[in-house]
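See structure below.
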Amino acid sequence: MTMETPPMKRTSLRRLLGAGTAMALLAGGLVLSAPVAASAQTVTEASCSGESLVSETLESGSSWQMCWRLDTYRGLVLDKIAYQPRDDAAPILVLDSIALAQLNVPYDTGATEYNDVTTYQVGGRRLQAIEAVDCPVGEVFNAWVDATRGSIPALCIGEEDSGLAYRSNIARDALYAAQGTDLVLHTVSRIGWYEYQTEYRFHDDGEISVRLGATGDLSPNDYVNVVNQGWPIAPGQEDFAVNHYHSAFWRVDFGIDSGANQVVEKFATTPTGEYGTTGDTGHTAILETQLTQITNETKTMGANREAYRVVNPESLNADGHARSYEIIVPRDQAYNLNPETDFDIAFTSAKSDEVHASHNLIPSKAGQMVTDYIADGETLEDPVAWVNVGFHHINRDEDQSPMPIHWQGFTLYPRDFAAQNPNIPEGRKWVNGDMRGVPNPNITPTPTASPTPTPTTEPTGEPTPTATPTTPGNGNGNGNGNGNGNGNGNGNGNGNGNGATPAPASVTFGSGEVAPGAAQTATAAGFTPGETVSAVLHSDPVAVGTFVADSEGVVSAQFVVPSATPAGEHTLVLTGQTSSAVAQGTFTVASASPAAVFGALATTGTDANRWALSGLVLLVAGAGLAGTSWYLRRQQSLKAHA
């Protein structure tokens, strides 16, 4: 197999930058890393190598490993899939393999039914060449597909944004929020008038999304005049395109932590018949969830509030809980009308000759289906899940043409695979279990001053003269008061403090001018000792961090000016989360010229930025080396043609 690298791909760019940096370091004669001892080979690495091995660390720091191959009938097959949470030392195996096992397409007229995997193939001659539009982010890998076409660009692998990963904002603590990414692998197959995208999404938190997308065109050969079996897609009430099902089956071979004694458990949540007495309605049902082990091969059509998981009781996370993966299946459109499709999840023991969900092509069990595999009801060992997800395609006007893609699939959901969020922010690592009454280590409590007793004055026995009434102060004095008077001041600033809001305190900056992406320091006083202080950069408000005031109420903040900050004056606002005290100041963001960047790096005073400065110099040297190399090759070429 050979690899093609389309332009402007995130992963490709990362690797190119890595290569360019290495060249620059060699050009500069520097060695920046000490020798590292060779690590032990992982289960995945022992199973494949070269371009068949996928080993990707995502932006969060978590990583995935797997082997990929193309099967003539099933298409994309993934083997030895392992996940490594960000703070773990090594990958942990999740699946031995996963692949499409059948695609059953019966039409509502009863006249037509297809089994695309075993009859028409999803791999082989049906695989389509991946184009740039199919793989906007990632790398394209070539693979041999058939004797006619040979090797084609068949697989896209890349890291894609997945949206909000988590968000939490507890009172008096910082906002914890992050965007997530997925490692995505997909292929495209054309079967008849349909084009299918087989897709696997490996999330940075360990979740796996398994999907099949259908697009292409409606079959021009399948129209009916029976109103209840089709949908009119031409003007008026005519040209009824026949409705039909897509039932996609996947074979999921679990291998959690390479366990030899994995078991299947069923969740069943049922009402007790009793009700609580609190809450908005005062009639909230009391529910109980029971776990039951599935000991024999079986197939199920899950009911409401039922779920299944595969667990390795011998693989424990840091909390001592057994690692498992839960299977989450949508059940609203299951096609359960024949023995081939009358289940949404079935469990069998792993056998090498049970590969297809129906019309099995392996000679020793030719023509068999899942119903045959479980007929003997043998003890369930080394579990394989057969997952069936249906989609009833009731045609519509918008399906022509091309048909907008529609998706069907399921989720493998990690349950206790890690003891906490695999990408947990540092400030939340203290949260594990019932933390009621446990002080937040990120917040320093403000000491409460002890009340000072008021001394009792001995009576003098002398009559007290009646004081001349004075006019109550209005707090509008000469500005020398502290605003904490009792309302009986004399108008010299000792009034009731209900005048204008005090002006914000000032902020002192480490540098009056910095470049985007450079570090800046800011110092301000007037906050409550120990309180959390938020820092927001304006004009467009951008949070740049939270900091804690010291014992004198002084905040010293160091933050990075966002790289997208435009040139000009910008205001930093510091706000106490307890006292609501405010301090603000203005500094200048320079234009992102090379001189400004180099100057900013030189004034930050951190080792990281000195290395960054060195890196920039060396990258420039690397670019010069690349240009020289190109020039020499060009000269040689001209001489050869002279």
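Note that these values count all heavy atoms, side chains included, but never hydrogens, waters or copies made by symmetry.
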| said: Under a plain distance cut-off of 3.5 Å, with no hydrogens placed, do Q229 and N243 share a side-chain donor-acceptor pair? | reply: no
| request: For residues R125 and V145, determine if any side-chain heavy atom of one lies less than 4.5 Å from a side-chain heavy atom of the other. | output: no
| Whether Y107 and Y114 hold their rings parallel, tilted or perpendicular, with breakpoints at 30° and 60° | perpendicular
| query | Does the side chain of S162 pick up a donor-acceptor pair with the side chain of H203 at under 3.5 Å? | reply | no
| task | Might you work through the side chain to side chain contact (heavy atoms under 4.5 Å, CB included) test for L185 and F202, ending with a clear yes or no? | result | CA-CA 9 Å; L185 292 83; F202 298 91; 3.9 Å; yes
| field | Aromatic plane relationship, Y245 with H392 - under 30° parallel, 30 to 60° tilted, over 60° perpendicular | value | parallel
| message | Is the ring pair Y308/F347 parallel, tilted or perpendicular, if the boundaries are 30 and 60 degrees? | response | tilted
| request: Hey, could you give me the CZ/CZ distance between R251 and R74, rounded to the nearest 0.5 Å? | output: 7.0 Å
| Between the side chains of D222 and H244, is a donor N or O closer than 3.5 angstrom to an acceptor N or O? | no
| query | Considering all heavy atoms of both residues, which atom of L103 and which atom of Y196 are nearest to each other, and what is their separation? | reply | CD2-CZ, 3.5 Å
| task | For the pair E531 (side chain) and T578 (backbone), establish whether a donor and an acceptor sit closer than 3.5 Å, ignoring hydrogens and angles. | result | yes
| message | Test side chain to side chain contact (heavy atoms under 4.5 Å, CB included) on L127 and T187; report intermediate values, then the result. | response | CA-CA 7 Å; L127 276 174; T187 59; 3.9 Å; yes
| message | Testing the basics here: between K365 and D353, what is the closest heavy-atom pair and its distance to 0.1 Å? | response | CE-OD2, 3.4 Å
| request: State whether the side chain of D382 and the backbone N or O of A350 hold a donor-acceptor pair below 3.5 Å, judged by distance alone. | output: no
| Ignoring hydrogens and geometry, is there a side-chain-to-backbone donor-acceptor pair from T284 to G276 under 3.5 Å? | no
| query | Would you say Y413 has more than 12 foreign heavy atoms packed within less than 6.0 Å of its OH? | reply | no
| field | Full working for side chain to side chain donor-acceptor pair (under 3.5 Å) between E195 and T215 | value | CA-CA 5 Å; E195 299 202 16; T215 179; over 6 Å; no
| task | Given side chain to side chain donor-acceptor pair (under 3.5 Å), test T181 with E59 step by step and report yes or no. | result | CA-CA 7 Å; T181 61; E59 291 182 1; 5.2 Å; no
| field | Test ring-ring contact (aromatic ring centres under 6.0 Å, His included) applied to F343 and W386, step by step | value | CA-CA 9 Å; F343 62 92; W386 302 83; 8.2 Å; no
| query | In terms of side-chain heavy atoms, does D319 have a donor or acceptor partner in N432 at a distance below 3.5 Å? | reply | yes
| Yes or no on side chain to side chain donor-acceptor pair (under 3.5 Å) for T118 and N115, after CA distance, side-chain angles and deciding distance? | CA-CA 6 Å; T118 52; N115 287 287; 5.5 Å; no
| request: Might you work through the salt bridge (Lys or Arg N to Asp or Glu O under 4.0 Å) test for D205 and R86, ending with a clear yes or no? | output: CA-CA 9 Å; D205 61 359; R86 182 195 60 205; over 6 Å; no
| query | Closest approach of S60 and D204, non-hydrogen atoms and distance? | reply | OG-CB, 3.3 Å
| request: Evaluate the salt bridge (Lys or Arg N to Asp or Glu O under 4.0 Å) criterion for residues E381 and K351: first the C-alpha distance (whole Å), next the side-chain angles of each, then the deciding distance (0.1 Å), finally the verdict. | output: CA-CA 10 Å; E381 298 176 350; K351 296 184 178 65; over 6 Å; no
| task | Kindly give the heavy-atom pair with the smallest separation between V263 and P313, and that separation in Å. | result | CG2-CD, 4.5 Å
| said: A quick test of your reading: do over 12 heavy atoms of other residues, nucleotides or ligands sit less than 6.0 Å from CD of E274? | reply: no
| note | Between D416 and N317 the two heavy atoms that sit nearest each other are O-ND2, 3.0 Å
| Trace of the salt bridge (Lys or Arg N to Asp or Glu O under 4.0 Å) decision for E265 with R415 | CA-CA 12 Å; E265 292 180 338; R415 177 171 289 280; over 6 Å; no
| task | Write down the atom of R167, the atom of A177, and the distance for their closest heavy-atom approach. | result | CG-CB, 3.8 Å
| W231 atom CH2, neighbour heavy-atom count above 12 within 6.0 Å | no
| Under 6.0 Å between ring centres, would you say that holds for H246 and Y194? | yes
| query | Can E314 and N261 be said to form a side chain to side chain donor-acceptor pair (under 3.5 Å), step by step? | reply | CA-CA 8 Å; E314 298 173 355; N261 298 308; 3.0 Å; yes
| query | Donor-acceptor pair, R323 side chain versus L316 backbone, under 3.5 Å? | reply | yes
| said: Under 6.0 Å between ring centres: does that hold for Y325 and Y83? | reply: no
| request: Kindly compute the distance separating CD (E354) from CG (D253), expressed to the nearest 0.5 Å. | output: 11.0 Å
Donor-acceptor contacts, no H, no angles, side chain residues 289-296, under 3.5 Å, sequence neighbours left out:
residue, atom, partner, partner atom, Å
T289, OG1, T269, OG1, 2.7
N296, ND2, G377, O, 3.0

| Any donor-acceptor N/O pair, T371 side chain to P339 backbone, under 3.5 Å | yes
| field | Check: Q420 side chain, K429 main-chain N or O, donor-acceptor pair, under 3.5 Å | value | yes
| message | For the backbone of S358 and the side chain of Q102, can you confirm whether one donor and one acceptor N or O come within less than 3.5 Å of each other? | response | yes
| query | Aromatic rings H406 and F391: how do their planes relate, parallel, tilted or perpendicular, breaks at 30° and 60°? | reply | parallel
| task | Take L212 and W407 through the side chain to side chain contact (heavy atoms under 4.5 Å, CB included) test and state the conclusion after the steps. | result | CA-CA 6 Å; L212 182 71; W407 294 95; 5.8 Å; no
| task | Identify, with sequence neighbours excluded, every residue that meets salt bridge (charged side-chain N to carboxylate O under 4.0 Å, His left out) alongside D96. | result | K80
| request: May I ask you to check whether D257 and S315 show a side-chain donor-acceptor distance below 3.5 Å? | output: yes
| query | Step by step, would you call D434 with R436 a salt bridge (Lys or Arg N to Asp or Glu O under 4.0 Å)? | reply | CA-CA 6 Å; D434 188 349; R436 289 176 294 182; 2.7 Å; yes
| said: Would the distance check show the side chain of Q262 and the main-chain N or O of F254 forming a donor-acceptor pair, the cut-off being under 3.5 Å? | reply: yes
| query | Does one side chain, of T270 or E288, offer a donor that lies under 3.5 Å from an acceptor on the other? | reply | no
| task | Look at atom CZ of R201 and say whether more than 12 heavy atoms of other residues, nucleotides or ligands are closer to it than 6.0 Å. | result | yes
| Between the side chains of S52 and W68, is a donor N or O closer than 3.5 angstrom to an acceptor N or O? | no
| query | What is the ring orientation for Y73 with H356, classed by angle as parallel under 30°, tilted 30 to 60°, or perpendicular over 60°? | reply | perpendicular
| field | Derivation and outcome, side chain to side chain contact (heavy atoms under 4.5 Å, CB included), residues S62 and Q84 | value | CA-CA 6 Å; S62 59; Q84 182 174 349; over 6 Å; no
| task | Without swapping roles, check the side chain of N338 against the backbone of E340 for a donor-acceptor pair under 3.5 Å. | result | yes
| request: Measure from the side-chain N and O atoms of E159 to the backbone N and O of D182, and report whether any donor-acceptor pair falls under 3.5 Å. | output: no
